[in-house]
Each structure stands twice: as C-alpha cells, then as structure tokens.
Amino acid sequence: MARFLVKFLRDRCKACELCISVCPKQILEIETDLYNKKGYHPARVQPGKDDECIGCTSCATICPDSVISVFDTTKE
Amino acid sequence: MARFLVKFLRDRCKACELCISVCPKQILEIETDLYNKKGYHPARVQPGKDDECIGCTSCATICPDSVISVFDTTKE
Amino acid sequence: MKAIYQSTVGEGLTLTDTSYCPGCGHGIIHKLVMESIAELGKLGETIGVSPIGCSVVAHEYMNVEMCEAAHGRAPAVATGIKRVHPNHIVFSYQGDGDLASIGMTEIVHAAMRGEKFTTFFVNNAIYGMTGGQMAPTTLLGQKSTTSIDGRKKEISGMPIRVSELLATIDGAVYVERVAVNTPANVRKAKQAIKRALDVQQRKLGFSFVEFLSSCPTNWGLTPVNALKWVGEHMIPYYPLGIFKQPEEEK
Amino acid sequence: MKAIYQSTVGEGLTLTDTSYCPGCGHGIIHKLVMESIAELGKLGETIGVSPIGCSVVAHEYMNVEMCEAAHGRAPAVATGIKRVHPNHIVFSYQGDGDLASIGMTEIVHAAMRGEKFTTFFVNNAIYGMTGGQMAPTTLLGQKSTTSIDGRKKEISGMPIRVSELLATIDGAVYVERVAVNTPANVRKAKQAIKRALDVQQRKLGFSFVEFLSSCPTNWGLTPVNALKWVGEHMIPYYPLGIFKQPEEEK
Amino acid sequence: MAERVLMKGNEAFAEAAIRGGCRFYVGYPITPQSEIPEFMSHELPKRGGTFIQAESELGTINMSYGIGCAGGNVFISSASPGIALMQEGFSFLCSAEVPLVAMNVSRSGAGIGGIQPGQCDYNQVTRGGGNGDYHIPVFAPSTMQDAVDIIYESFEIADRYRNPVMILADGMMGQMMEPVVLPEPKTLYKDEADIANYKPWALTGSKGKANRNRIKSYHAHPAELEQYIDYLYEKYMRMEKELQRAESYHTDDAEIVFVAYGSMARIVREVLEVLRKDGIKAGMIRPISLWPFPTAPFEALNPEVTKVVISAEMSKGQMIPDIRLALKDRIPVKLFSRTGGIIPSTEEIVAFVKTLRKELK
Amino acid sequence: MAERVLMKGNEAFAEAAIRGGCRFYVGYPITPQSEIPEFMSHELPKRGGTFIQAESELGTINMSYGIGCAGGNVFISSASPGIALMQEGFSFLCSAEVPLVAMNVSRSGAGIGGIQPGQCDYNQVTRGGGNGDYHIPVFAPSTMQDAVDIIYESFEIADRYRNPVMILADGMMGQMMEPVVLPEPKTLYKDEADIANYKPWALTGSKGKANRNRIKSYHAHPAELEQYIDYLYEKYMRMEKELQRAESYHTDDAEIVFVAYGSMARIVREVLEVLRKDGIKAGMIRPISLWPFPTAPFEALNPEVTKVVISAEMSKGQMIPDIRLALKDRIPVKLFSRTGGIIPSTEEIVAFVKTLRKELK
Amino acid sequence: MSTNRVMIAGSGGQGIILMGKLLAYVAMEEGKEVTFLPSYGAEMRGGTANCSVIISDRPISCPVVHKADIVVVMNQPSFEKFESAVEPGGSLFLNSTLIKDPVTRTDIEIYKVDANKLAEDAGIGRSANIVMLGAIVRQTGIVKIENVTKALKKEFSGKKVVYLDANLLAFQAWKTG
Amino acid sequence: MSTNRVMIAGSGGQGIILMGKLLAYVAMEEGKEVTFLPSYGAEMRGGTANCSVIISDRPISCPVVHKADIVVVMNQPSFEKFESAVEPGGSLFLNSTLIKDPVTRTDIEIYKVDANKLAEDAGIGRSANIVMLGAIVRQTGIVKIENVTKALKKEFSGKKVVYLDANLLAFQAWKTG
Ligand SMILES: Cc1ncc(C[n+]2csc(CCOP(=O)(O)OP(=O)(O)O)c2C)c(N)n1
Ligand SMILES: Cc1ncc(C[n+]2csc(CCOP(=O)(O)OP(=O)(O)O)c2C)c(N)n1
Ligand code: SF4
Ligand code: SF4
Ligand code: SF4
Ligand code: SF4
Ligand code: SF4
Ligand code: SF4
Ligand SMILES: [Mg+2]
Ligand SMILES: [Mg+2]
C-alpha cells in the first residue's frame, strides 16, 4: 500500500487542473470518462501511481475548491 | 522722506495683528481710535516710524487680507 | 492514518458548492481564511463582511456569521460590527474594484482609526463580477473590456499599490502582500492571515493582507496560465512582503 | 516709486471682502495662489474649483472662473474640467475635512490617473466651517468640539499625513508640504505653488501642495498664537518638504 | 411629572436617543445638526455607549448598518445633502432588514443650498430616494417635546419592524431651546452578550446557535427575490396601517384647513388663533407621520364645510400630492410656501388667507 | 430612410448618445449596463470624444458636473444602486443649472437586489431622491428606436433647460438586440474654443469676457436663495408643461386601460391584441415622460367608458400615485405587478384581466 | 402682558447667547413658557450673532421674533440692523460704550447702557453682557431679579466660581434708565 | 406562420450568443422584425448561457421567450433545463455529442445533431454552434440558407477570414434530421 493517500471530494472538483500542474511527481490527471455532479471531469491520481506520491500536499494547498485531503497512512 | 513706503488698503484690514507680529523692526500697530468700514481698527505704521522700515515685505507677505503693499521710493 | 492536509469543507467552509469559475483565486483565499479561523477555534466567534464582487455570497461558503456590504463599504460595516463585538474576530473580504476604487475612503479611514479588524484584499487586477472591466489595479498593457488595447498610462494612470499606500498610515499595524500562485506562496499567504488575525486578537490596530489572485475567466487564460501570469506580471509590479508589522516582531 | 510687494487685490483677487475670520490662513493661501496665477499671466485661462468648507465661496475672491464642488468631490470636478479644457490651468482648492475625510477616494484616484491639474490642500487640522469638529488631520491631544478632551489615539487613530500617502501614487508627480506660519515659509509656499503649476503646464501629471494653515477661531487662539501653534505643533508632525517631483528636477 | 429642562433642540434629540436605547451613535459634521455629534462625542461614552465620527455620510450609514447587523441600537443624524448621500444605504438597510434610527435636521435648497431651516427634503425622505421598492417611516415632530418622545419611541419601532426609521426636523428645531420633559432612560438589551437574546437574528457569532445568521441584500434568483420583495411588502403594508399619525386642530367646522408639519405647524397654530379671532374658521391637520401619510383626518373633512385646504410648507408644494391623494381630490388644495431658509411670520400667513378668501369669493 | 441595424440595447444607447452630441462619457461598471462604458471606452475616442472610467458613481456624477460646468456635453449611465449614490449629485447639478444626460438601465430590488430587469426605480428617478426642491425630466423609452431617438434629443433638452435629463430603461432593454435606425450625427459645438459661443455661461476662462463666469450651489442669504429657488421653480413649471409625453393605444372605447411604460409597455401592447381578439376592449396609456407625468391622456378618459385602470409595473405600485393624481381619482386603479427581475408573459396578464373582470362584475 | 419677545444682538464674542439663555432659563424656572432661538452659521466667522427669546404665559408657536418688544444691541452693526425691529412702543437697550450713532426712532423707549465701561468698573471687562442683562431685567421686570441672581450663581459655579462676584456686581451695575 | 420563437442554450464557451445573433441578423436582412435577448449575469462564472430570438412579420412586443417553437440545447444542463420549454408541436435540436440522456417528450419533433463531432470533421472543433445553426436553418427554413452563408462571410472576414472556409463547411455539415 502507498504511504500517502490523496483523497478527492470529487463532486466539488471543477477540473481547473491546478493540482495537476503543481504536483512535483506529475501523478495527477483529469478523469475524462467521468462527469461529476457539477458536470466536470474530476481530477484524480493516475491509476497505479499512488506510490509515487511524496505527500507534499501541494495539490491540496493550491486547490481552489478544497477538494483534496492528503493522508499519511503510516501515522495515527 | 523714508525710503520704503508701506501702504494699507485700510478697509480690508481685519486687525489680525499678524503684520505687527512679524515686522522685524516692530514699527506696526493697530490704530485704536479708528474703525474701518468693516468695523475693525486697522493696522498702520506707527506714526513717525516710517524711516525705520527696511522694506523686508514680511508684513505684506503674511497679511491674510492682502492689505499691504510695500514700495521702494528710490526706484522707478 | 493521519491527515497531513485536511480539506476544511464541512468545517471552515460549508458544504455548498461555490459559484466561482474553475481555478479562481477566490477559492484558494476562501479556503486559507477559513482554515485559519477554524484552526484558531474561532468559527463561533467570528463575524465576516462580504463585498460586492464575485465574492458577494462568500457567506454561503464561509462557515461563520456574515453580512453583505454595499459596494466598497465593507470596512465601514466591519467597523460597526467590531465596535459592537470587540472581542470577536471581525474581517472584511474585498475585491480590488470594491476596495481600491469605490471604497478607497472607507479603507483608508478604517486604517487611520486603527480599527481592530482584518481586511483580506483580493487583488485580481480586474472587475470580475461585472465582466472584466479595468480596475485601479489592472496592469499597464493589460487588456480589459474598458481598455481593449491594454491599459495605458496616459489615459488611466499607473496601477495603484494599495499595501504601500496603507502602510503610510499609522493605524495600519499589519500590512502584507502575498500571492496565491504557487503552493509555496499559498502557504506563506496562510501565515500572513494568521499573523494578521493575531494582531487583531491582540487589539493592536488595523491589519491587512493583500492577495495577488487570478481571474482566469476575465483574463482569458486557463487557470494554470492565470497563476503563471500572477507570477510573471503581477509580482514584479506588486512586490510581495510585509510592509508593516508591530515593532516587537521586526 | 517701485512696488516691491504689490497687493494683488484688484488683479488676482477681487475687490470683495472675504468672509474669513481675522488672521485665517485661507486668506494667506488665497493670496499666494492668485498672485502666482496672475504672475503667470493666466488669470483668463484658469478654472478653479472651490470646496465645501470655509472657502466654499473662494470664487467670490479669486479673480478667475470657478465653480463650487460637492463636499469632497473637487478632484472629480477638476478632472472633468481639465478634460474639457486641457490647455487651461485647472485647480481644486480644498480643506482637510473635504479632501482627507469624505473626499479621500476622489483625491487618490485623481492622483492615480495622473490628472493634469493642481490641488491646493489647506490643512488646518479642523473642520472650520461647521464649527471646529475633529478632522482626520487633527493632532493627538488637540481639542475639538467632537474631542473635547483632545484627540485620542485609541478612539480616533493618529492624524493622517496626506502628502506622504499621495506620494506613494505614481501619477502624483509633484507633492510638497509647506506652511504659512512665517514670512519665510509663506515665500516658500509660493515657490511650491509655482512649481506645481509648472508641472501642470508641462502636463507631467498630478500636482499637489499641502499648506499647514491656521484656524484661529476654532482653535480658540489669537491669529498670532495660531501661527505659532502651526510652527510648534503641526510642523513637527507634518514635516515640510518636497515628497515627489519630476525626475529631472531632483 | 418629571422636571422640565431647557435644552437646545439638537442636544435634546441626542439625549432622547440615549434614553430611548441608543448605544451607538455615528455621525459626520454638517450644519445645522453638528451639536448632535458634538453632544454624543462626550455624553455617549459616559453613558456606556460608543461614539464614532465617520469619515463621511457614506461611512455613517454603512457603519451603522454594521452596528445594526451586529445587533447594536444605533442612532445617526445628518442634514439634507448628507441624507442624499445615504440613499443607497437606506435602500440597502431596508433590503437587509436592519433597524436604525436616523434624523434629518434639514436645511434649505437643493445641492449645498443654504444652511437655514427648510422642509424641502419631504420628497427625499418620504419617497425612497434609493433604488427599489421600500419604505421608511418618517416622523415629523413640531415641538421639542414631540421630538424627544418620538425619538425615544423610534428605537422600538425600528426594532419591531427591522427597518430604518427617520425623524425629520429642521434647522429651527435643531437650534432653538425650549423646555422639555425627558423620559426615563430605558435599556433594550443589557450588554453585548444579551444581544443574541434581544435580537436572535443579529450577527453575534454562530457559537451555540443551531444555524448561523447571515444578513444579505443580494438575490441571484428572480423568483426568490420576488418572493422576498412580496414578504417585505407585506411588512410595509403593515407599517402603512399601523404607523399613521396625525393631530387635527379645529377641523370640524373649519372653512379653511391648513396642512402643516414640523416648524411650520407651530406657526400655523398661532395663525389659527388669529384667524378665529377675526371670525375666520380655520383648522389644521398636522401630519406626524409623513410616510405613512395619515389619511383618516383627510377622509373626515367635509367638502360642504371645508372649502379649501392649504398646504403650508417651507418647500415648493412637495406635500401637495400626498394631500390630494388623501383627500381623493374632493377639496381644492392651495400652497403657502416660503423657502430659502425663511421662516414665515404669523402675519404673512394671515394675510395670505385673507387674500385667498377674497379670490375664492 | 436610413439603414436598419441590429444592435444591442446598451450599444445602441451609447451610439445614439455619440450621434446626439455626447463628447464626454463617464461611467463605472455595473450590470446590466456595463456595455455602455465598454462601448464608449473604444468608440468615443475614435469619434473625437473622451471616455473616463470613474472610480465610483460619486466620481461619475461629479466628473460629469465638472465637464458640464466647462461646457462639455456629457453622458453617463449606471444602474439602480449606482443611481442612488448619485442623488446628492443630481440635486447639486440642478441647483447649479448644469446640463447632463444620464441613463439608468435599471435592475430589480432594493439594495443590491438582483441584476435582472426591474422598474422599481420609478420613485428614485421621478421624485428627486436628493435634497431640495428640484426636478429632473425622466423619459422611459419602450423600444430600441424610442430609446435611440430620445437619447439623441436629450442633449438639446438638457442644454435648453440647463438641467440634467434622465433616461430610464431596464436590463431587458439594455441587453436585447433589435433593429434600429440611427439618426445622423449632429454637432453641438465645433471644438473647445467654440464652447464659449454655444454655452456663454460655461467656464471657459475669463479671457475676453466682460464678466467671469461662476457656477455655484451655495447661497448664504435666505432671501437670495428664496429668489433663486423661485427662479428655478419657474423653470421647472415650464418643463412640466413643455415636456409631457405619452402615447395612447385604443383608449377611446376601452373598458380597461393599462398604464405601462418601458419594457412593460411592449408586453401590454400584445396583451391588448389578445384581449381585443377575445372581445375585451382594452387600451393603454404609455407615459413616455415619467416626470413630468403626462396628464392629458388621463383627463381624456371617460369614467362612463373606462371602468378600471391597471398600472402594469415591474414594481410594487410605484406609478399608482401619479396615475391617481392624473386621473383625479375618477376611475379606480388596480395594480398588475411582477418583481425580482421576472418579466411577465402576455398570458399571465391576460389571465389577470379576465379574473379582474369577473371580480368587478 | 402675556408674551414678551426679546431680540439680542451683538458680535460673536460678546456673550449674546449667554444673555438669551439666562433669560430663557430664569423665565422657565418662573413657570413661564419660553423659547430661545440663536442665529447660526454666520457666527463662526466672527460676524454678528443674535438670538430671540420669547417668554409667555401660554404655549409659544414660533420661536422666531420678527418684531420685538425688547431689542438689545451690543455693538454698532447690530444697532444698524436691528433698530427697526423694535415694535412701536417697545424698548431698545443699547450698549452706549460701543454705539455712538444717534437713535432715529421716536416711537420707542431708549435705554443707553454704558455696558463695557460699567463692566470694567465691576472688575470684569468681558461681562458687558451681564451688565446689560441687569439693565433689561431691572427696567422691564420681565423676570425677577432674585431669580436671575440665582441663575448667575448656578452659571458661575464649579471652575467658573471665581467670576461669580464680579458678575453679580456687573449685574447690579446699571442703576437707572 | 407569422412568428418564430427560438431559444438557444448551452455553456458559456459554446458560441450560443453568436448563433442567436446570426439568426436575428439574417432575419432582419430578410426584412423581418426580430429581437434577440441573451441571458446575462450568470455566464460570467462559466454557467449556462442562453438566448431568445423572435422572428416575426410584425412588430414584436416582448423579446422574452417563455415557450419556444424551436429550442436548441448544446449541452446536458441546458437540455435538462429547457426540454420543457418547447411548445407542443415544436422542435428540439440537441447536440447529441454532449447530450446522452433520452428525450422524454413525445409531443415534439426531435433533431439530434452530433455537432461537436461534425464540427471536428469540418476541421474546426469550436464550430459546433455553426453546425447546429446549419441544422436549424436547413430543417426549419426559418431564414434562407444563402443569407446565412452571406452573413457567415461577413462574420468571418478581416482577421477572422482564416476560419471562414471551415465554418462554411461546418454550416453544411448536418445533412438530415
Ligand atoms: C454602487 C455599485 N456600483 C457598482 C456595482 C457593480 N459592481 C458589482 S461587483 C463590482 C466590482 C467587482 O470587482 P472587484 O471588486 O475587483 O471584485 P471581483 O469580482 O474581481 O472579485 C462592481 C463594479 C454595484 N453593485 N454597486
Ligand atoms: C455632504 C456634506 N457633508 C457635510 C457637509 C458639512 N460640511 C460643510 S464644510 C465641512 C468641512 C469643513 O472642513 P474643511 O474641509 O477642513 O474646511 P475648512 O472649513 O476647515 O477650511 C463639512 C463637514 C456638507 N456641506 N456636505
Ligand atoms: S501530495 Fe504532492 S506528490 Fe502527492 S499528489 Fe499531491 S502534489 Fe503530488
Ligand atoms: S485543483 Fe481542485 S478543483 Fe482543480 S482540478 Fe484539482 S481537485 Fe479539481
Ligand atoms: S516691510 Fe518689513 S520692516 Fe517694513 S513695515 Fe513691513 S515688516 Fe516692517
Ligand atoms: S496682517 Fe493685514 S489684516 Fe492683519 S492687521 Fe495687518 S494689515 Fe490688517
Ligand atoms: S469572474 Fe474571475 S474572479 Fe469571478 S469567479 Fe470567475 S474567475 Fe473568479
Ligand atoms: S473658521 Fe477657521 S478656517 Fe474658517 S474662516 Fe474662520 S479661521 Fe478661517
Ligand atoms: Mg477584482
Ligand atoms: Mg479644515
């Protein structure tokens, strides 16, 4: 299991791509086959790239819609 | 005759005494027995003190009512 | 599993979706302000004032008691509120049209009186809500719907630097300009908010944070490019930094 | 016989007696402004704007075409006039209540736009016309009818320094503070007026002269003591000098 | 009965406000009401209240909106052009349902005009000079005692309807002194913490509340806004019914009925005496509420008895439309008017009536 | 006839102003009129004029006062709360006799309200929301062509009376497009130097004049102020007589007469057709001037024929007092009203009439 | 006589307002109806100040005095402006220290009070107004002398008590008309 | 049919306004009375945009379309909002590239136009609106095809001329309903 978990409140996402642009590992993407409640394609971690996340929280920090939370699975 | 002539538009004077306060020769005064059109005792050069004027124009410069002009009788 | 960044939705922010455009800087700033107040544990003792501008209904999103203010007058409104509740946290949240144009008198005088509230000033160099007209903060050469060939100095003068102007006023005790263009700057912005709120809670005087923000919609840029533009064009003209702080902190 | 100081009554000033109190600083400043314009030979090509304040009827005394402006709005009015007559000398003449309180937005924005007129700002630290209430410029400890025990920082903040504030604005090209408390300072004040008008005539931007002036009536001082008070109390808080001038003149 | 004290109008107004529950005063100097902020600046803090000198009338109205939102009882005052600057604000407060007691000590003329007494703000205060469908109750006292009593009461009226209330006086009333009996001070809420009980809708922080309060003016959705306007309008209709106030003097048998309010009504009172001594049956309706305009006394007039109604104003007939509407045009209305700050004498009004009667015959 | 062009209302208004003689435009963004400043910002400079984006509505009205003082022909525009902020200024311009053409593209609600179309600024623009005895002519076009024509003419009206003139439109008119024929551009004065000829009273510098001009609003002496108010009032009375404008539609035989202006009048025009098809004799009076309110068409109504008058408004009955006054209360007046930005449909008005007729019977 | 209309005029610094207020206050204390109305606006600039006082047995309609039973003028400009305001048969009190012009009206009673001089004699030059007040009260009986004395004691109390004696003297300075 | 009421809706960037304007312009050129009314306010924030066009032989009273003969929906939210706005017997044009939901009404004509797809095929992905315009005009004959072509040539002139050919292609892309 990946150490860091990046969680999205998907229905709040507006597909602005800011998270994608700031991720140092470039592991985020827009999920083009899904529309969320608002009609946007939400962002997500690219499937299979969870491991690469370094937990820098940059994505969550820049997200204008408070979509993202980041967890450290190794801590309580 | 005195070299400098200090002329007052007496009916404009409001007896504020600013001219008196700034005259380096302290030769100006309020003419207490006269009321001008506005009901003030106007300022004047103390009788007999014309000679002492050095033409510094301080009195005219500070006068808020543009009462005073200063002339040099030796010049054209 | 420990949250190293916990979305404040449901705490500092309400569950209501915002009406902001995708990537709008208002979203980032809302989040920072509300995270900060939530972290202080003061959501229940805070009263905010929203402006006229895209953030007119900030009260739908910020989970504290709030009112709207007439265009430009939020500092007067916040003054009134703070005088009634001197121990609450009171803030105004204002755009650049609102604060730097129509509301200049109110902000200058709130600062002069040293009112003990905090103003969060969102400088996006444009009138967002009304459709992209030139603001006092619009950069030279920047296009807007009332300067279609770009702002020109001869016609509209140079953009106004509000933080510098307010810093000349004694009652303005804390004045900082930040930007929300990168994660690093966003973190600094949050520090600024916290410092400003701290100054308020210590009743030292008026505190002010200017945010360089983006308006992708009216700038005609993608959200990502809009934040780049903040870094490349706004920061050079509007230098970041603390312009005023309480003596003891220098 | 040569005039070494010729009263400008009948030339720059009209023959009408002013309604100012004896020793009022407005009289001195009126005189300086009108002497200066007369000396430029521009009485026929000047348009002035009088404020709401004791000098509301300055147009009765100043021998140029003029209009009155609503309280605080003279810079907007002067903007309008100058845009119609770009080659005329245009000025606004304003008190500290008018300019620094209700009219702050208008003066800041005229400066920001770099409007090519001149503002003469009479700072007498009080609302004269309405009977001596506290102005934004009233000094700490100074008594007024709305601060009978003297202005207090905690309640009303520190007095605002307008020249310093305006000097932060690019479009304000000439900004100087002078005082009319002594003949020497009065002469310097006139030089400032001339420089400001020169900047205007060269269309470089907005020009501004602040005059530290007296209000013997509302200060409760004799005219002579009032001018002393300017020197002893106002100048220390409001330093004299040029805050802004065109590059080439520095 | 409590002691009569001799007070200057403006100071009596301020004192009445304090006793009526005013805890906050905001103002900006303007003649002829500057004694109100002056008095408040030193009195209010002594009485546990807060005085704020605003930077302008915009500052005044918007600070007081903030105070009102936060649940403080606030009093403001200004004069004619200062009130004009507040029109956006009044409209805003009405739309947000924020109470306020405001006083216009009015002067004469449009624009700057003159600083002597006038009544030419009738339209400005009764017709809603701001945008939108809204109303503000306006009371026009004619003696110091009237003024003190209505100011005292206004804080409760404002709170009851969650709406601004306006008191219209003029420079004469503001500047004159006359004896007055001051009512006992009353307390609307104990302290800051008590506000949430007294005004559950006010912004006092969400802590301990089921729902956080918000105060707003903007409505993005037309259907929602229409509904809100209907709700407000129902309130205005209630105010219109409940707040009409007037006094009638000798109208029953009056051939001539004056309509006059404020300072003018004082003068007309004497005019009535003189005319009646001369055998001319004259009466007066004195509207106390200008909005809502009191219709009942006008409906009571009998055209068989009353041949002419005279609107006596220090303005150019601004009250006439309201009189005609209240009368349903059953009796002709004439205007007696002095303006510019001139307060007419009893004699000239008497003379006016005598000439008018000749013309009518 | 000149070419018909398809234009957006706000742009047509601006273009009409330029063609009517506007040399200066001052404005501040506000929905739903922002296309006016936007259009002016690029068009006016090309046509030899000057565009100024003001810092606020106070800046707008006061800059335009300066322009007017200096003799420039100036056009400004705003929407509801923006107009409220200008009330001190309008009063000031009237008192100083400075011409101006102002446009209110109005929205709905008090305060911020909503940004969709409304007519609830009727009181605000017709009743003088500023202080003092003054009047501003208000014209309410109902089609784009009306609007273009009246804006075009207004510059001359403003100059003739040396008074501001107001055009009242609403968000629907500002935002819609419809074909319009634009009048030929006219020139009121050639250049800066020509102003002194065209407007001898304007501030153009005293050089070469016998007396320097001054423009003022303040009058220290009551007697002088009263005289001046009388002088102005004589002018307002002239305006009241000379500027009344209205259009009547099928009123002669109408059992029901609508009164509607602006956008509402467009809808009622169709309502009339539907009703007449259904055998209901309906007519309409469309006031074009709101101040002065046109009385003649109301006087012409016959109570024997017309049983009810309906004020159809996007406001809460604000026009009713004027209608009642014009009618001298000879015919009952009912209200049809939608607010909040909702534009009623023909069908719902027809339904309203049908219900009303049943009730009346 | 059920109503007295008094008009007092002078220059800003002459204590005109205080005279009027004292008169009104004492009358109120005596159970009368009173109004007091000062001029306003102009004073600020050192012009003339004036006030109207009406004292009556019944409610007073308008506080403006167009014609006065008693006119008091403290300086030359006021004299010029208000001589004509005296009702025929009324009284004109003039401060003869400062007013040198002859009175032209013959249908009124004239009282010349050397107010500034008498005040100086009483030891307090600024109390010409109190001298004049004494003259009016003594001459017209409009209010009771002892009540004015009481009011003066109230006015000159606290910090101002140092001026009391001189003012009481001033109040009694004028003996006869 | 003397009056046509058209309602066009979609998202901000889809060129809704241009479609409506072109329709109104061409109708005017054909001598008809026309009005065009866009929604306003909300678009600014990337919401939905819509506009109403009325084309008639006689003066048009109100430009608001409450019920339309022709409704055009360019995206899903618009479809949801405006499906019900079609007058019974009227036509609904929907952009089937973006609208996947089934139409529920049976009392109207439905035209599914794969607008984005067809536009891309025409070489200019952004011209889905012009594809749709072609569909409406061709299907309803509300205005003449050649006049729209003329109008397109005018619209895509000057700097925009580079887009002309593709738009003309797009305009013709939809063949049949
Ligand atoms: C008195 C008044 N004038 C103008 C407006 C129109 N208006 C609404 S928001 C706004 C400015 C918005 O710009 P800004 O303050 O920069 O906020 P942003 O939308 O960019 O966040 C304006 C001018 C108004 N609502 N009220
Ligand atoms: C809108 C408005 N508010 C207030 C006033 C009252 N007022 C007249 S002059 C003045 C201020 C005067 O002070 P300042 O500008 O300092 O001028 P000074 O008289 O001291 O020269 C004020 C508040 C007014 N005329 N109009
Ligand atoms: S936490 Fe950092 S590394 Fe992980 S997804 Fe977010 S931005 Fe990328
Ligand atoms: S930054 Fe937030 S809103 Fe934007 S795409 Fe990423 S998760 Fe979605
Ligand atoms: S010129 Fe100088 S010396 Fe002469 S009187 Fe004036 S101040 Fe005195
Ligand atoms: S300074 Fe001028 S006004 Fe003052 S006393 Fe001297 S001459 Fe008179
Ligand atoms: S218009 Fe600009 S400021 Fe407003 S919500 Fe959209 S992006 Fe943000
Ligand atoms: S009140 Fe003061 S500022 Fe006004 S004229 Fe008198 S001294 Fe001058
Ligand atoms: Mg902005
Ligand atoms: Mg001042």
Side-chain angles (χ1 to χ4, degrees), chain C residues 14 16 19 37 41-90 92 102-113 115 117 129, chain E residues 23-26 49-74 76 86 88-93 95-98 100 130 189 191-193 195-196 199 201-209 211-220:
Chain C
T14 66
T16 310
S19 62
I37 297 172
K42 289 285 185 187
L43 293 170
E45 289 111 343
T46 294
I47 304 174
V49 183
S50 65
I52 305 304
C54 281
S55 51
V56 56
V57 292
H59 53 76
E60 305 265 355
Y61 318 131
M62 297 177 162
N63 195 15
V64 291
E65 296 209 326
M66 287 185 80
C67 65
E68 294 168 6
H71 193 30
R73 317 303 171 200
V77 177
T79 296
I81 294 171
K82 185 76 183 193
R83 298 292 186 113
V84 181
H85 300 296
N87 299 317
H88 279 36
I89 289 182
V90 174
S92 75
I102 192 171
M104 183 55 78
T105 297
E106 285 74 17
I107 194 70
V108 164
H109 281 269
M112 184 201 73
R113 291 189 305 269
E115 295 293 343
F117 66 86
M129 188 189 213
Chain E
R23 295 284 265 268
F24 294 86
Y25 172 88
V26 191
T50 301
F51 164 82
I52 314 178
Q53 183 168 326
E55 59 272 23
S56 71
E57 289 84 358
L58 292 174
T60 301
I61 187 76
N62 288 289
M63 282 178 196
S64 64
Y65 164 71
I67 292 167
C69 283
N73 284 97
V74 53
I76 65 174
M86 298 184 189
E88 182 210 24
F90 283 120
S91 167
F92 198 100
L93 267 86
S95 78
E97 294 202 273
V98 173
L100 162 75
Y189 57 83
D191 53 20
E192 193 201 321
I195 292 177
K199 298 182 182 173
W201 52 264
L203 305 183
T204 54
S206 59
K207 191 172 194 167
K209 289 181 190 163
N211 292 304
R212 68 193 169 99
N213 289 331
R214 285 176 284 153
I215 294 179
K216 49 185 273 179
S217 176
Y218 174 64
H219 296 262

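Every heavy atom of this structure was used, including side-chain atoms; hydrogens, water molecules and symmetry mates were not. First the proteins, then the strands, lettered A, B, ... as listed; each starts at 1.
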### chain C contacts, top residue of E/Cys69, E/Ser217, E/Gly59 (heavy-atom pairs, under 4.5 Å)
E/Ser217
#### Entry: C/Glu68 and C/Val57, any side-chain heavy atoms less than 4.5 Å apart
yes
### Task
Hey, can you tell me if E/Phe51 and E/Tyr25 have their rings parallel, tilted or perpendicular (30° and 60° cut-offs)?
parallel
### Query
For C/Ile47, is it the side chain, the backbone, both, or neither that has a heavy atom closer than 4.5 Å to a heavy atom of chain E?
side chain
### Summary
Counting heavy-atom pairs under 4.5 angstrom with chain E, the leader among C/Glu60, C/Met112, C/Lys82 is C/Glu60
#### Entry: Closest-packed option against chain E by number of heavy-atom pairs under 4.5 Å, given C/His109, C/Arg83, C/His85, C/Arg113
C/His85
### Task
Looking only at non-hydrogen atoms, find the nearest pair between C/Thr79 and C/Phe117 and report the distance.
OG1-CE2, 3.5 Å
### Task
Counting only heavy atoms closer than 4.5 Å, note whether C/Ser92 contacts chain E via side chain, backbone, both or neither.
neither
### Message
Name the residue from C/Ser19, C/Ser55, C/Ser50 that meets the side chain to side chain donor-acceptor pair (under 3.5 Å) definition with C/Tyr61.
### Response
C/Ser19
### E/Thr204-E/Lys209 side chain donor-acceptor pair, cut-off 3.5 Å
yes
### Interchain contact, C/Thr105 with chain E, by part (heavy-atom threshold 4.5 Å)
both
### Message
If we define contacts as heavy-atom pairs under 4.5 Å, which of C/Val64, C/Val90, C/Thr46, C/Val108 has the most with chain E?
### Response
C/Val64
### Message
Ignoring hydrogens, what is the shortest heavy-atom contact between C/Ala70 and E/Glu88? Give both atom names and the distance.
### Response
CB-OE2, 3.8 Å
### Message
Tell me which of these, C/Glu45, C/Glu106, C/Met66, has more heavy-atom pairs under 4.5 Å with chain E than the rest.
### Response
C/Met66
### Task
Could you tell me which portion of C/His88 (side chain, backbone, both or neither) has an atom closer than 4.5 angstrom to a non-hydrogen atom of chain E?
side chain
### Message
Please classify the contact between C/Ile89 and chain E as side chain, backbone, both or neither, with a heavy-atom cut-off of under 4.5 Å.
### Response
neither
### Query
Which atoms of E/Ser64 come close to chain C, meaning under 4.5 Å heavy atom to heavy atom: side chain ones, backbone ones, both, or neither?
neither
#### Entry: Choice from C/Cys67, C/Gly48, C/Pro86, C/Ala78 maximising heavy atom contacts with chain E below 4.5 Å
C/Cys67
### Query
Which atom names give the shortest non-hydrogen contact between E/Ala70 and E/Ile195, and what distance separates them?
O-CG2, 3.6 Å
### Message
For a quick test of reading the model, state the closest non-hydrogen atom pair linking C/Ile102 to C/Arg73 and the distance between them.
### Response
O-NH1, 3.2 Å
